[in-house]
Amino acid sequence: VYHINNGVDLEAFDYNKEHFQIDDADLKDNESFKVIYVGSIRLVNNLGLLLDTAKILKERGESKIKFLIWGDGNELEALKQRVQQEGLTNVSFKGRVDKKYVPYITSCGQLNIVLGKSSPLYKYGGSLNKMFDYFASGKPTLFTFRLGYSLIEKYEVGMELDTNDPIKIADAIMHFSEMPESQHQKYSINARAAAADFDFKILSSKLIKLLES
């Protein structure tokens, strides 16, 4: 059995980052610590957990941390209502964007996040498309669950949590927001190194060698 992971076209990613940018005040806010989510807004992605976390941080008085969410899905309206009803001023839903804008968006934050629920199937690993886009952004990534054969751990690009406890997630986000710039920069360097190993050119080369063998 041979396995070739999903990956990212780094050349296209970097081109799109420079040529397809969004004029968004939150992205340009240099005073806030921006936690970025890009993807579908459906039950499987557990965005309600993000609002639970935002509420905890708001109650702690952590006004610096902002959650910026790009995407669409059948959970969007219910989550928007929660934000309004609970006064979560630290959460902004930005709507759906074309994928060509994702490189710029993810590169403007300080932390990218992947939400979900732990599953026995994850012992075999995971290959989420957004994970490689997050790596390419050169920013650390926080997973709210663990994956077998973890690329997060292998490349030291972020953190995986054992539980979906919003208090633990809030603590993890605080950890990233308070770390020295040198440590944050180390995560950033590691993330780009991980993305380079999963560039489509590298993966295509592996596939050609496999087929020719």
Side-chain angles (χ1 to χ4, degrees), residues 22-41 43 45-71 73 75-95 97 102 104-118 130-131 133-135 137-146 152-153 156-191:
I22 293 176
D23 185 15
D24 183 273
D26 287 320
L27 286 179
K28 294 179 179 179
D29 179 8
N30 294 324
E31 299 302 316
S32 64
F33 183 88
K34 298 176 283 291
V35 182
I36 304 287
Y37 173 86
V38 180
S40 61
I41 301 177
L43 189 60
N45 288 322
N46 212 10
L47 268 294
L49 182 61
L50 197 63
L51 301 195
D52 295 339
T53 303
K55 185 175 182 179
I56 289 169
L57 290 170
K58 185 173 184 291
E59 290 171 348
R60 291 180 182 178
E62 299 294 344
S63 58
K64 178 184 175 183
I65 297 171
K66 301 289 177 63
F67 295 89
L68 309 180
I69 302 169
W70 271 267
E75 289 279 298
L76 179 59
E77 290 308 314
L79 293 172
K80 280 185 173 180
Q81 287 182 12
R82 266 197 66 186
V83 166
Q84 187 172 8
Q85 291 168 358
E86 298 176 23
L88 299 178
T89 54
N90 53 354
V91 177
S92 294
F93 287 98
K94 300 294 187 176
V97 291
V102 170
Y104 177 74
I105 291 169
T106 54
S107 300
C108 286
Q110 282 73 47
L111 178 67
N112 296 312
I113 191 165
V114 179
L115 300 121
K117 296 180 180 179
S118 296
K130 69 164 60 72
M131 177 168 66
D133 287 330
Y134 284 176
F135 289 172
S137 75
K139 299 298 168 69
T141 298
L142 173 64
F143 269 73
T144 66
F145 55 96
R146 286 194 176 274
I152 300 292
E153 291 185 352
E156 297 183 10
V157 297
M159 183 186 299
E160 292 176 334
L161 301 179
D162 292 315
T163 174
N164 272 326
D165 183 347
I167 295 176
K168 298 291 186 184
I169 299 171
D171 291 342
I173 292 171
M174 286 301 302
H175 169 74
F176 281 101
S177 72
E178 294 173 345
M179 70 174 48
E181 178 59 31
S182 59
Q183 188 176 354
H184 192 275
Q185 186 64 22
K186 182 180 177 182
Y187 279 117
S188 298
I189 293 170
N190 291 348

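Every value quoted in this text rests on a predicted model; they were computed, and no experiment measured them.
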*Asks:* Could you state the interatomic distance from OH (Y104) to CG (L27), rounded to the nearest 0.5 Å?
*Replies:* 6.0 Å

*Asks:* Could you pull out every donor-acceptor pair under 3.5 Å between side chains of residues 163-176 and any protein atom, sequence neighbours left out?
*Replies:*
{"from": "T163", "atom 1": "OG1", "to": "D165", "atom 2": "N", "distance (Å)": "3.1"}
{"from": "N164", "atom 1": "OD1", "to": "T144", "atom 2": "OG1", "distance (Å)": "3.2"}
{"from": "N164", "atom 1": "ND2", "to": "G116", "atom 2": "O", "distance (Å)": "2.9"}
{"from": "D165", "atom 1": "OD1", "to": "I167", "atom 2": "N", "distance (Å)": "2.9"}
{"from": "D171", "atom 1": "OD1", "to": "R60", "atom 2": "NH1", "distance (Å)": "3.1"}
{"from": "D171", "atom 1": "OD1", "to": "R60", "atom 2": "NH2", "distance (Å)": "2.9"}

*Asks:* Would you confirm whether Y134, through its side chain, and V38, through its main-chain N or O, come within 3.5 Å as a donor-acceptor pair?
*Replies:* yes

*Asks:* Going by atom types alone, do D133 and T106 pair a side-chain donor with an acceptor below 3.5 Å?
*Replies:* no

*Asks:* Between K139 (side chain) and G109 (backbone), is there a donor-acceptor pair under 3.5 Å?
*Replies:* yes

*Asks:* Is the number of heavy atoms from other residues, nucleotides or ligands under 6.0 Å of E178 CD greater than 12?
*Replies:* yes

*Asks:* With side chain to side chain contact (heavy atoms under 4.5 Å, CB included) as the criterion, how do L88 and F67 come out once you've worked through the C-alpha distance, each side chain's angles and the decisive distance to 0.1 Å?
*Replies:* CA-CA 10 Å; L88 299 178; F67 295 89; over 6 Å; no

*Asks:* Rounded to the nearest 0.5 Å, how far apart are CG of N46 and CZ of F145?
*Replies:* 9.5 Å

*Asks:* Contact between L79 and V83 at the side-chain level, heavy atoms closer than 4.5 Å - yes or no?
*Replies:* no

*Asks:* Quick check: are there more than 12 heavy atoms from other residues, nucleotides or ligands sitting under 6.0 Å from NZ of K130?
*Replies:* yes

*Asks:* For residues 26-41, which residue pairs pass the salt bridge (Lys or Arg N to Asp or Glu O under 4.0 Å) check, not counting sequence neighbours?
*Replies:* D23-K28, D26-K94

*Asks:* Do S92 side-chain atoms and L68 backbone N/O form a donor-acceptor pair below 3.5 Å?
*Replies:* no

*Asks:* Would W70 and I36 count as a side chain to side chain contact (heavy atoms under 4.5 Å, CB included) here? Give the steps.
*Replies:* CA-CA 8 Å; W70 271 267; I36 304 287; 4.1 Å; yes

